[in-house]
Amino acid sequence: MAKEIETVCITTGPTEVGDYVTLNIGPIHPAMHGTLRVITKTDGETIISAKPEIGYLHRGVEKLGENLTYSQFLPITDRLNYCSAICNNVAYEMAVEKLLGIEVPPKAQLIRMIMMELARIADHEVCVGILGVDLGALTPFFYLIIQREEIYEIFEWHHGARLTNSMGAIGGVEADLPDRFHEKWPRMRDSIRKANDDTDKLLTHNRIWMDRTVGVNAFCGDDALNWGFTGPMLRACGVKRDLRKNEPYLLYDKVDFDIPAGKHGDVFDRYMVRMLEMEQSVKIIDQAYAMYKELPEDAPLMKKVPKILRPPAGQIYHAIESPNGELGFFIRSDGSDKPYRIKIRPPCYMVYQAFDDLVKGEMISDLIACLSSLNVIAGELDR
Amino acid sequence: MDYYFIIFAIMAVGAAIFTITVRDALPSALGLLTVFIALSALYLHLHAPLIAIFQVSIYAGAILVLVVFVIMLLITPDEQLGSPQKNISYRSMGAILGAYLIALLIIGMKGINQIVSRKGLPDGFGHPSLVGELFFKHYLLHFEMASVLLLVALIAAIYLAKKKL
Amino acid sequence: MSLKERVANILKNDLLEITESKGDVCVEISRQTLVNALKRLKEEGGFDFLSDLLGIDNSDLYAKPKKKKKKTEDGTEQEQEEKGPPPPRFEVVYLLLSLSTNERLQVRVRVPEDDLELPSVTSLWRSANWPERETFDMFGIRFNGHPNMRRLLMWDEFQDYPLRKDYPLEGKGEERHLNYNIA
Amino acid sequence: MADWQIELIKVVFIWAWALIIAVVMTWVERRASAMMQDRLGPNRAGPFGLLQPLADGIKLFTKEDIIPERARKILFVLGPPLFALPAFSAYAVIPFGDKIVIGGKEIILQVSDVNIGFLFILALSAIAVYGLVIGGWASNSKYSILGGLRATAQLISYEVPMGLALLTIVLLDGTFSLREIVLQQQGTFLGFLPNWGFFKQPLGFIIFLVAAYAEANRVPFDLPECESELVTGYHTEYGSMRLGLYLFGEYVNLVTLSAITVCLFFGGWSLPYVDMSKFLGPVSYGIASFFVFFFKQAFFLFLFVWVRWTVPRFRYDQLMGLGWKALIPLGLVNLFITALLVQLTT
C-alpha cells in the first residue's frame, strides 16, 4: 500500500456528498504551474479526493508532427517541457537518428551531454525554487533562478535562444561550444554549487521545512512503478533507476556518476533527490568537458544527412532521461518525409495521473507542496 | 443629562433589537458584537474598566468569534436563516415571557440612580487588584464552583465533539 | 536466448506476428487474448513496466501504396497489402519495459473500425489509466473495464477524434459553434 | 495651550507617525527583501525608490473599486476599516517617549495612560479578528472563507499564549499600565544586566514574539493569506484601496506589535546603564527618548522583515499544534514559575 491513509476522516467523517466542500484549484491559481486544474473535495482542510483535469494547454503537438517534416518538428519539441527544452530536442533528434540508423560524432555527443546536463540543472533549480515559493520560502528561489539565468546565457551563446532552444539538428549539433563557455564554466560551477549550498542551508535542516515535507505524500516503490513513475519521482521512492545508467545513450556509460535515491518517496526525498542530482550533473559536465578537451579541435560536429529526411518504414521507441524522468518518442515512419505517427511519452503525465492517490487524506497545503514537487509542466502534460 | 450613558444605552438597545430581528446570521452576530461593545462602554462609565475590557476581549473576542466561526462554516452568504415562526401559540408564549422579563428589569431598575452616582465609591474601585481581591477572598467559593462547573462542561463538550476518543 | 525467442515462448499460440525494426521488437497479438497475453508477459516475461500506450490510425498507410506503388518497394505494410484484404484500420501499441533486463517490447493489437473496443489493462498497470483515456479521446477506441472512460484532453462536448487521419489539421470549426455573444 | 489641544495634537501626531512608519515599512520590506535575494528592489520612484509607497498609494486609490456581484455589499465594505482601525487605536496607549516640557508644561508622550492599557491592546486585537472574518465571509468565495476561517482560528488561538506571556511581565511589575511597566524596567538587574523584561523573562519573550508573528499574519504564520494555497486568503476578492486598507492594516499591526515588544521587554524609551534625563535638557530629553524608542522599534520591525524572507510557512495543523501543544503549556509553566518566584521574593 502506498501509505496508511488516515481512516478517521473517511469513515467517521460526514458521509453525504453534500457535506464536503468542492474546491476548484486552478486553472488560474498562483500555485498552478501553467494551466492545471484540480477539483478537490475537502472535509475542512483534509482532502477527500483530488481529480486533476488536464487539456488546457493541448495544442495537438502529435497531430502537428504528422504534418511537418522531421526537421520542421524539432522546434515544436521545445514547447513540451519548456524548462529544459534541450532535453526534448535531443530526445527527438536521437529518436530520429535511431530511425535513420546513424550515429553522431563523439564531439556532438559530448556537446549534447553538456547542454543536457545544464538544462537538467536549470530544470531542477526551477523545481526546487518553486517548491520553496509554494511553501512560503521565497528567498532560495532567487538564489537558484540567478544561476538559471547564467545557464541560459550559455544557451544563448551556443544556439541563440534562451528558453525555447531548438538545439542541434538531426545528425549532430551545428555549433561547437562557444568560446566564452571555456572561461565561464569553471566560475559557474562554483556559483551553482554555492547557490545550492545556500538553498541547502536555508531549507534542508530548517525545522519548518522538514515539518512541511518529511512524510508528506509518501509513496512506495512498487506503487510508483505500477503507476509508471520515472525519474526523480521514482528515485525518491527508493528505486534506483536512471536511463543514463540502465540504458546508456550518448556517452553516459563513459562518465562516472551516482544515482541519488530516497527512501520514503515523500516531498522531502524528492527535494533531496533533485538537489543531489544537480551535484551529479555538475560532475558529469566536468567529465564530459574533459573528454571534449581531448578531442581534436576540428573533429566533426555533424554526420552527413540528406536535406530531406526519408527514414525507412518502421517503428521505433527511444527514451532518454529528461529532468522529470523517462521522455520517450515513438515514431512510425512510412518511408515518406513526414513521420506517420509521433507519440510523445512525457514523464510528468504518468506522475500526474496518480495525483489523487498521492494527496488523498492530506491537507490542502500538502496538495500544493505535492504539486510543486512533482514538477508538472503543463506544456509537456497536454502536448 | 448624561449624554454618554444615553448614547451607548440607545446603541445597545438598538443593536440588540437588530440582532433578534435581522434574518441573516452574520449581521445578527455583528449586532451582538455592537451590543457587547456598547455594554463595555457602559461598564467604563460605571468605573469598572476591567470588566469593560473583559467584556470586549472575552465576550466579543472569544465567544462571539466562535459563534461567527460556526456561522461561517455552516452558512454561505447566499443563505438565510429559516422563515419566521408562524405558530401563534409559540409566538404568544414568547411575548408573555418577554413582557415578564421587561417587567423584572423595570423593577430591578428601581434605585439604580444610587448605584450609578459617583458618590461613595471606595478608593481604587474597579482596579484589577480590587476585583482580584474580591474574587479570591470574598467570593472564593462561588468562583471555584463556577470554575469546576466550567471544567465539567468543557470535558463534556470535548467528549461530545470528538469523533473518536 | 534472444528476446524474440523468449517472447515467442511465452506467447506461444497467441503470437500473430513478430517484427523487428532498428532493434525494437514488436509483437502482434489478437484482441481476444490481449489481457491474458500481457499478463503472461508481465509475470513470466518480466515486462513489468508499462511505459506508454498509443493508438495509430492506419487508414492513410494502406491507402498510400496504391498511389506510390512504382516509387517505393521496401515497405513491409505494402507486402501485406498485396497478400489480402487491408488489415483493420486502428491499432493500439503497448510499450513494455523489463526493469530487470532493461529490454523494451512493443505489443500491438489491431482494432477494426466497426468495433472500436478493447479490454482495459488498468488492472495490470495503473499507468494505463490516462493513456487509455487519451487513446479514446484521440481515436475513439473504447476500453472496457476502465474506471473512468471519459475524454482527457479535449472537452467533454467535443464530438470528433482529432488524431484520426481524416480529421483536418485546421479542425472542423468546432470553436465556431460555441455560442459567443458578439454583437 | 489648553489640555484638550495638547491631547488633540498628540492624537494627530501619533496617527500620522504610525502611518508614516507603516508606509516606510512597505518600502523597507521590499528593499530589504531585495537585498537578501540578490535583487535591487524598487529604485525608480525617487531616490532609492523612496517614493515607491507614494506611487503605490496613488495606484491603489485610482484603481477601479470592484465589489463582487454576489458579495454582501455592506459587510464587504465594512471589513477593511474594521481590520485597520483597531490596529491604529492600539497605538493610543503606547508610551512612545518619556515626557517633554514645553513652556513649563509637562507633556507625557502617550495619548492616554490607561491603567489597564495592556488589556486594552489585547481587547483591540480581539476586535480586529472581525475585520478578517467579515471580509472573508462577505466575499462569498471559497478561498476567502477558508482564509477567514484560518485567520479566526489562528488569531484566537495565539491570543492565549500572548496573554500568558504578557501576564508574566504584569506579575513582575505589578501593573497593567504600559507606562509604569516601562518605568519599572529602568536600572539594572542582578547588578549588570539592564532591568528589561527580556532578561527577566526570556521564555516569556520568545513565546510573546512567536505569538506576535502569528497575530500579525506574517511568515511563518501567514496561513490566512498564503498566496500559494488560498490565492490571498480573506482578501482574494478585494481590490483598489479596500485591499490597500487590509495590507496597510497589517503593517500598522506590525508597528503596534513591535512597539509593545519594546515597551514590555526592552525598556521602552530608556537606554541601558545611562540615564538620559540627567544630562539632557527637558526638550531634548523628550525628543531623545522618542528616538530611542523608535530605534528599538525599528529593530523589531526589521526582524519581522528578516524572518519573513528566511523561513517557509507552517501547515494549518502544525500551526494549531504549535499554539495549543507547545506555546500554551510553556506559557502556563512560565507563568507558574514566575508567580512562585514573585511570591517568594516579596
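Contact record, A:Y352 with C:W130: CD2-CH2, 3.6 Å, taken as the closest heavy-atom pair. The minimum heavy-atom distance between C:W125 and A:N226, with the atom names listed, is CA-OD1, 3.3 Å.
Between the side chain of A:Y317 and the backbone N or O of C:L96 there is no donor-acceptor pair closer than 3.5 Å. Checking side-chain atoms of A:K63 against main-chain N and O of C:P162 turns up a donor-acceptor pair under 3.5 Å.
Contact annotation: the side chain of C:R133 never approaches that of A:Q353 to less than 4.5 Å [non-hydrogen atoms, C-beta and beyond]. Within the 4.5 Å cutoff, side-chain heavy atoms of A:M350 are placed close to those of C:P131. In this structure, the side chains of A:E66 and C:L169 stay at 4.5 Å or more apart for every pair of heavy atoms.
A salt bridge links A:R332 with C:E91: the closest approach of a Lys/Arg side-chain nitrogen to an acidic carboxylate oxygen falls below 4.0 angstrom. A:R341 has no carboxylate O lying under 4.0 Å from a charged side-chain N of C:D57, or vice versa, which leaves the two without a salt bridge.
If you check the side chains of A:R241 and C:N102, you find a donor sitting under 3.5 Å from an acceptor.
The ring-ring contact (aromatic ring centres under 6.0 Å, His included) check on A:Y249 picks up A:Y252, with sequence neighbours excluded.
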Checking side-chain hydrogen bond (donor to acceptor under 3.5 Å, both in side chains) for the pair C:S51/A:E326: CA distance, chi angles, key distance, verdict? CA-CA 9 Å; C:S51 239; A:E326 179 184 324; 2.7 Å; yes

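Among C:M138, C:E134, C:R151, the residue with the largest count of heavy-atom pairs under 4.5 Å with chain A is C:E134. Contact count against chain A (heavy-atom pairs under 4.5 Å) is highest for C:L95 among C:D48, C:L50, C:L95, C:T19.
Looking at A:P52, the atoms closer than 4.5 Å to chain C (heavy atoms on both sides) sit in the backbone and in the side chain alike.
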